[in-house]
Novice: 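One structure coming up, written as C-alpha cells, with questions to follow.
All ligand and atom numbering here is 1-based and tracks the order in the structure.
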Amino acid sequence: MNDIGAVEQLRPDGRLRHLLTLEGLPRRLLEELLERAQSFVRAPGERFPANDLLAGITVVNLFTEPSTRTRVSFELAAKRLGAQVVNLEVQLSSRAKGESMLDTVYTLQALHTDVLVIREAEVGVLGLVASNVAPQVSVLSAGEAHIAHPTQGLLDALTVRQRKKHFEPLSIAIVGDIRHSRVARSAYHAFRALGVSDLRIVAPPAFMPEADEFTGATRFGTLKTGLKDADVVMMLRIQKERMTQASLPDGDRYFAKFGLTPERLALAKPDAIVMHPQPMNRGIEIASDVADGAQSAIRDQVRNGVAVRMAVLAAVVRPASERA
Ligand code: CP
C-alpha cells in the first residue's frame with residue numbers, strides 16, 4: 001500500500017511523486033532517500049557547494065500550523081538545490097478572507113508552482129490537495145494533524161543510521177504522547193519498513209494509541225520496563241494543541257513518571273542515543289542535562305532535516321532533461 005486515501009504517491013515507474021506518509025513505501029525507496037540524504041549532510045561550518053539540481057523549479061511553503069525546524073529546513077533545502085522559494089504567510093493570504101485551500105492551491109499552480117510543501121492541522125486536506133493538483137505538481141507533507149510527518153520520520157531514521165549503522169538488531173523505545181503524535185507514527189512506519197526488530201512504545205494509558213495502531217510494537221506502561229537495554233530512546237512532545245485543557249497532565253507529575261532523567265537513561269544501553277523531534281518541554285518530557293548531554297542526538301536530527309528534505313525534493317522533481 002503506497003497510497004493515502006485515493007492518492008498514489010509513486011509515479012508509474014516507481015519514482016516518488018508526492019510524499020504524504022511513509023506507510024507502505026517500499027524499503028528500497030526509503031533506503032535510497034536515506035543514502036541520498038547522507039550525501040547532502042555537511043559538517044558544522046562546512047559550506048554547501050553550489051547545486052542547480054532544482055534550477056527553474058518553484059517551491060511554495062504553505063504552513064497553517066506553527067513550525068521552526070520543518071519550515072526553515074524545507075526553505076534551506078530548496079535554496080541549496082537552486083530552487084526559487086516562496087513562503088506564503090497564511091494569516092496574510094486570501095485564506096484569511098475565506099478562500100478555500102483548493103482555490104489557494106489552484107492559484108499557486110497557475111503561478112507555476114512545482115512543489116507544494118504543506119503543514120496542516122486538519123486530517124485529509126493533504127490528500128485532497130494531492131488528488132487535485134496538476135500532473136506536474138508534487139505535494140510534500142510538512143506534518144498532517146496527528147497522522148503523519150514523513151520527512152521527520154526520514155530524518156529520525158537517518159540519525160539512527162548514522163549512529164547505529166544497522167537497523168535490524170536495534171531496540172528502539174518511543175516514549176510519551178504517542179496517541180497524538182504524527183512524529184511517532186512516521187517513525188514507526190520508517191523503523192518497521194527498515195527492519196527494526198524490537199520496537200517499543202512507552203506511555204501512560206491516556207497517551208497510548210488505539211490497539212489497532214502500532215501493530216508489532218511492544219507496549220510498556222513504565223520507563224523502568226520500556227527503556228531496559230534500549231539502543232535508541234526517542235522522546236516526544238506532549239501535543240497540547242491536540243487535547244483539551246482538562247486532559248492535559250500536570251507537568252511535574254508527568255516528569256516524575258515519564259520524564260527522561262540521567263538515572264532513567266542509565267536503564268538503556270550505555271551507548272544508547274537520545275532523540276526528540278523538538279520543540280521540547282524541558283523539565284516535563286526531558287531533563288536539560290539529558291537533552292544537552294553526551295548521548296543526545298537531538299541537534300543531529302535538526303541538521304539531518306535539511307539533508308533529508310534536499311533528498312526528498314530531488315526525488316520528486318523530474319530531471320531537467322525530462323522537464324525540457
Ligand atoms: N519537529 C518539528 O516538526 O519541528 P517544527 O514544528 O518546529 O517544524
Novice: Flag the pair Val183 / Asp156 as yes when at least one side-chain heavy-atom distance between them is below 4.5 Å, and no otherwise.
Specialist: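 Touching, per the 4.5 Å side-chain cut-off.
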Novice: Do the charged groups of Asp13 and Arg11 touch, with an N to O distance under 4.0 Å?
Specialist: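 No, no charged N to carboxylate O under 4.0 Å.
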Novice: Identify whether NZ of Lys or CZ of Arg in Arg119 sits under 6.0 Å from the centre of the six-membered ring of Phe63 and within 45° of that ring's axis.
Specialist: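 That pair does not qualify as a cation-pi contact.
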Novice: Verify, without hydrogens or angle tests, whether Arg303 (side chain) and Ile298 (backbone) share a donor-acceptor contact under 3.5 angstrom.
Specialist: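 Not at all, since once roles are kept as given, no pair shorter than 3.5 Å links the two residues.
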Novice: Tabulation required: pairs of a nitrogen or oxygen in ligand 1 and a protein nitrogen or oxygen under 3.5 Å; columns are atom names and distance to 0.1 Å; otherwise 'none'.
Specialist:
residue  : atom  : partner : partner atom : Å
ligand 1 : 1 (N) : Gln152  : OE1          : 3.0
ligand 1 : 1 (N) : Pro277  : O            : 3.0
ligand 1 : 1 (N) : Gln278  : O            : 3.0
ligand 1 : 3 (O) : Thr70   : OG1          : 3.0
ligand 1 : 3 (O) : Arg119  : NH2          : 3.0
ligand 1 : 3 (O) : His149  : NE2          : 2.9
ligand 1 : 4 (O) : Arg69   : NE           : 3.1
ligand 1 : 4 (O) : Gln278  : O            : 3.4
ligand 1 : 6 (O) : Arg119  : NH1          : 2.9
ligand 1 : 7 (O) : Thr68   : N            : 2.8
ligand 1 : 7 (O) : Arg69   : N            : 3.0
ligand 1 : 7 (O) : Arg69   : NE           : 3.2
ligand 1 : 7 (O) : Arg69   : NH2          : 3.0
ligand 1 : 8 (O) : Ser67   : OG           : 2.6
ligand 1 : 8 (O) : Thr70   : N            : 2.9
ligand 1 : 8 (O) : Thr70   : OG1          : 2.6
ligand 1 : 8 (O) : Arg119  : NH2          : 3.2

Novice: Taking only residues two or more places apart in sequence or in another chain, which ones pass ring pair (Phe, Tyr, Trp, His ring centres under 6.0 Å) with Tyr188?
Specialist: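 Checked Tyr188 against ring pair (Phe, Tyr, Trp, His ring centres under 6.0 Å); matches are Phe214.
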Novice: So, His146 and Gln239: side-chain donor and acceptor under 3.5 Å apart, yes or no?
Specialist: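 No, no side-chain donor-acceptor contact under 3.5 Å.
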